[in-house]
Structures are given as structure tokens and as C-alpha cells.
2 protein chains.
Amino acid sequence: MKTGVEQSVYAVLLLNMLPDKAVLHSEVISGQIGASPTYFQKLLRKLVSADLITSVPGVKGGFRLKKDPEDIRVYDIYVAIEGQQSLYSPSGILSDVLELEYDDRCCVLGELMEEAEESWKAVLKRETIASLAEQVESDRFVNHVTDLKKWVEENMVV
Amino acid sequence: MKTGVEQSVYAVLLLNMLPDKAVLHSEVISGQIGASPTYFQKLLRKLVSADLITSVPGVKGGFRLKKDPEDIRVYDIYVAIEGQQSLYSPSGILSDVLELEYDDRCCVLGELMEEAEESWKAVLKRETIASLAEQVESDRFVNHVTDLKKWVEENMVV
DNA sequence: ATAAATTGGATAATCATTATCCGGTTTAAC
DNA sequence: GTTAAACCGGATAATGATTATCCAATTTAT
């Protein structure tokens with residue numbers, strides 16, 4: 001998996017710590033995450049296009065969650081960033097070898113890989129931002145999270 | 001997934017059609033699969049290093065299965081080609097953010113991705129070359145497979 | 001001996017991801 | 001209004017992993 005997805009998940013986790021109506025400037029987020037600011041904007045925009053977060057233009061602008069954290073699955077973020085393309089893109093090798101018709105392109109290996117991928121996606125669909133946030137708070141990181149929340153309050157706008 | 005794995009699986013399926021002690025020249029295989037001959041040799045060598053196939057050097061040399069098809073899992077081929085590296089390589093972003101100790105690097109997202117990957121691998125571990133070959137034979141491709149077997153007999157050595 | 005195959009290393013080409021730049025639009029504050 | 005600060009979107013370069021090529025060395029059947 002590409003790092004873009006990982007960074008995006010953490011960005012959404014940060015936005016989830018915002019109080020109502022507050023926003024976070026994109027450079028503030030990318031700075032905290034340690035990502036390239038310009039590239040990170042592209043990622044944020046993909047999240048906007050996917051209706052996961054909202055953007056506020058202009059001075060005092062920034063980004064904010066659009067959906068409830070319970071309604072944002074890790075899988076949604078994955079799709080928003082990487083698109084619907086699957087991990088496995090069948091090149092139709094065996095199809096050529098066996099001179100199959102177009103309908104049969106979904107050959108044995110393709111079927112297997114598709115099943116494997118569905119199994120992979122199922123795990124990502126199970127977890128939401130809310131459940132992740134809960135883990136972060138309840139687990140071993142409680143102290144650090146309070147620091148992080150303080151940082152969010154210091155850097156948020158409006 | 002990279003095409004190298006896909007090509008390798010089909011190569012092993014081809015080798016599985018060989019009668020005992022016969023071998024297939026690497027360029028014959030890559031020609032049938034439609035892969036770059038020189039790069040395909042690298043793939044075959046990885047399969048050799050993983051003890052999945054055997055190579056016979058010299059005139060009348062080539063490649064042959066080393067294990068029984070029942071003992072070659074699709075997952076074995078995947079690991080042979082791509083190595084143990086996981087789909088998800090945690091960049092430790094949240095670790096930095098939360099200033100975690102090294103032991104805690106396995107943060108929430110990392111654990112989730114690991115579980116997803118295990119689920120993905122499980123499907124690949126389930127299927128073997130033997131079961132794939134069985135599907136190919138029993139399914140809709142029976143006619144084509146006999147053609148393919150004829151081709152193998154015409155192009156094999158010894 | 002010779003021809004034909006694999007072995008292994010060094011190296012180039014290709015492609016997707018990541019990163020940067022710039023002009024345009026929106027909005028808060030003066 | 002004017003200005004400053006933010007997002008928007010397209011074009012484009014840099015990076016890195018995968019794929020591809022070449023070449024000398026080794027092995028083996030004829």
C-alpha cells in the first residue's frame with residue numbers, strides 16, 4: 001500500500017479531534033504528519049471529492065470532517081486516494097495462451113486474486129475512523145493523545 | 001500485484017503439464033506467455049532459489065517442477081518472486097506524531113493493515129498449483145487445454 | 001571441441017508514485 | 001474596495017520500484 005493512504009488516514013484522525021466548525025490549515029496538517037505540503041494538498045482534495053472531508057476556502061480556511069467518524073471507513077479513505085483499481089490487474093496471459101473468449105477472461109488465477117482482495121478489503125471496511133480513534137484513546141497512548149489534542153486546539157482556526 | 005507473479009504462476013502451470021524428467025527451455029516458456037525473455041529468466045531463477053522448480057544447464061537443458069503440484073501454493077510463488085516484504089510498510093507517521101517508543105511502532109493502523117494482509121495471504125495459501133490445474137481442466141477450457149498439452153509435448157526436451 | 005542452455009552481475013528503460021510550481025478563485029479583515 | 005491568506009486545478013518534474021537488456025562465465029549433450 002502506498003504511503004498516501006496512510007498519511008490520509010492520520011490526517012482524518014487529526015481532523016476528527018477538531019471541535020465543531022473549526023478547521024485545520026493544510027500546511028499545518030502536512031507539517032504535523034511530515035509530508036510534502038503540495039502533494040498532501042492533492043491527497044486532501046481527493047478526500048474532499050470523496051465527500052469525506054469539507055474544505056473552506058479563503059482566509060481562516062482549512063479542512064474539516066464532513067461525515068461522522070462512525071461513517072468513515074478506512075476502506076473509504078483507501079478508495080478515495082487510490083481509486084477503484086484493484087491490487088491485481090489481470091493481464092490476460094492465460095487467456096491468450098488458452099485463446100479464450102472475452103467473457104472467459106476472468107480465468108482461474110483472476111478469480112483467486114479477486115477473492116483474496118475481497119477478503120483484504122473486508123478488514124478495511126470493518127474499521128471506521130471512530131473505532132480507530134477509540135483504540136488510540138483507550139490504548140497505551142492516552143498521554144500522548146492529550147498532547148496531540150492540545151496541539152490541535154493551538155493550531156485550529158475559528 | 002505485479003505481473004511478474006502472474007507470469008510465474010502460469011509458467012509453473014505450464015511446467016506442471018510436463019511428463020516426468022522432461023524440461024522446458026526458458027525462451028519457449030516466455031514466448032508462450034508473451035514475456036520478455038531475459039527478464040523472465042530472472043523470475044525463473046527466483047523460483048529455482050525458492051526450490052519450487054529445478055534447472056538443468058547445458059544443451060537440452062531447461063526447467064522442470066521440483067515439488068509436487070500439491071505442495072506448491074500460489075503463496076509460495078508470490079513470496080518467491082516478491083519476497084517477504086508486506087503490502088503495507090508502515091512509515092511510522094503516527095509513531096512520530098505520538099512520540100511513541102520503538103515497541104509501540106505497531107500502531108493502530110499498522111495492526112489493521114497487518115490483519116488485512118494476513119487475510120489476503122490466507123486465500124493465496126489455500127490454493128495450490130494442483131488445485132488450479134484441476135480447475136483449468138475441469139472448467140470451460142478443456143478443449144484449449146488439450147491444445148496446450150500438445151504444444152508442451154512438441155516443445156519439451158528429453 | 002562445439003553448440004546450446006542456465007547463472008549472475010551490471011546496467012538501462014519504463015512506469016507509477018510522489019513532489020513542485022503557477023495562475024485562478026474564494027473569503028476574512030482592514 | 002483592497003489586500004492577504006487560504007483552497008483549486010492543471011501542467012510538469014523528480015523519485016523509486018519494476019521491468020528489460022546485455023555480457024561474460026559455467027555446465028552439458030553431441
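Quick note on labels: first sequence line is chain A, next is B, and so on, each numbered from 1.
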At under 4.0 Å between heavy atoms, how does the protein contact nucleotides 20-25 of chain D? Give one character per nucleotide, 5' to 3', with B, S or -. BB----
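- Nucleic acid contact class of A:Val56 (heavy atoms, under 4.0 Å, all strands): sugar-phosphate only.
- Cluster partners of B:Val59, using a side-chain heavy-atom cutoff of under 4.5 Å among ILVMFWY residues and allowing indirect links: none.
- Figure legend: B:Lys125 and B:Tyr75 shown as a cation-pi pair, the cationic atom lying under 6.0 angstrom from the six-membered ring centre and within 45 degrees of its axis.
- In this structure, CD of B:Glu27 is placed 8 Å from P of C:dT6, rounded to the nearest angstrom.
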Could you pull out every donor-acceptor pair under 3.5 Å between side chains of residues 64-73 of chain B and any protein atom, sequence neighbours left out?
residue: B:Arg64; atom: NH1; partner: B:Lys21; partner atom: O; Å: 2.6
residue: B:Lys66; atom: NZ; partner: B:Asp51; partner atom: OD1; Å: 2.8
residue: B:Arg73; atom: NE; partner: B:Asp76; partner atom: OD1; Å: 3.4
residue: B:Arg73; atom: NE; partner: B:Asp76; partner atom: OD2; Å: 3.3
residue: B:Arg73; atom: NH2; partner: B:Asp76; partner atom: OD1; Å: 3.0

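- Regarding A:Lys60, its NZ atom lies at a distance of 21 Å from the P atom of D:dT3, rounded to whole Å.
- Across the protein-nucleic acid pair, A:Ile29 atom CD1 and D:dA6 atom C1' stand 12 Å apart, rounded to whole Å.
- Residue-to-nucleotide proximity on DNA chain C shows that, of A:Gly4 and A:Gly58, the 5′-proximal contact is made by A:Gly4.
- Computed from coordinates, the B:Leu43 CG to C:dT7 P distance equals 13 Å when rounded to whole Å.
- A straight line from NE2 of A:His25 to P of D:dC8 spans 11 Å, rounded to a whole angstrom.
- With C:dA29, C:dT6, D:dC8 as the choices, the nucleotide that has an atom nearest any side-chain atom of A:Ser55 turns out to be D:dC8.
- Under the rule for a side chain to side chain donor-acceptor pair (under 3.5 Å), A:Lys60 has no partner lying at least two apart in sequence or in another chain.
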Scan the side chains in residues 151-158 of chain A for donor-acceptor partners under 3.5 Å anywhere in the protein, sequence neighbours excluded, and list what turns up.
residue: A:Trp151; atom: NE1; partner: A:Asn155; partner atom: OD1; Å: 3.2

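- Summarising the geometry, the separation between CG on A:Asn155 and P on D:dA6 is reported as 12 Å, rounded to the nearest angstrom.
- Taking atom NZ of A:Lys21 as the reference point, atom P of C:dT27 lies 15 Å away to the nearest angstrom.
- Taking A:Ser55 as the reference, nothing meets the side chain to side chain donor-acceptor pair (under 3.5 Å) condition, with sequence neighbours excluded.
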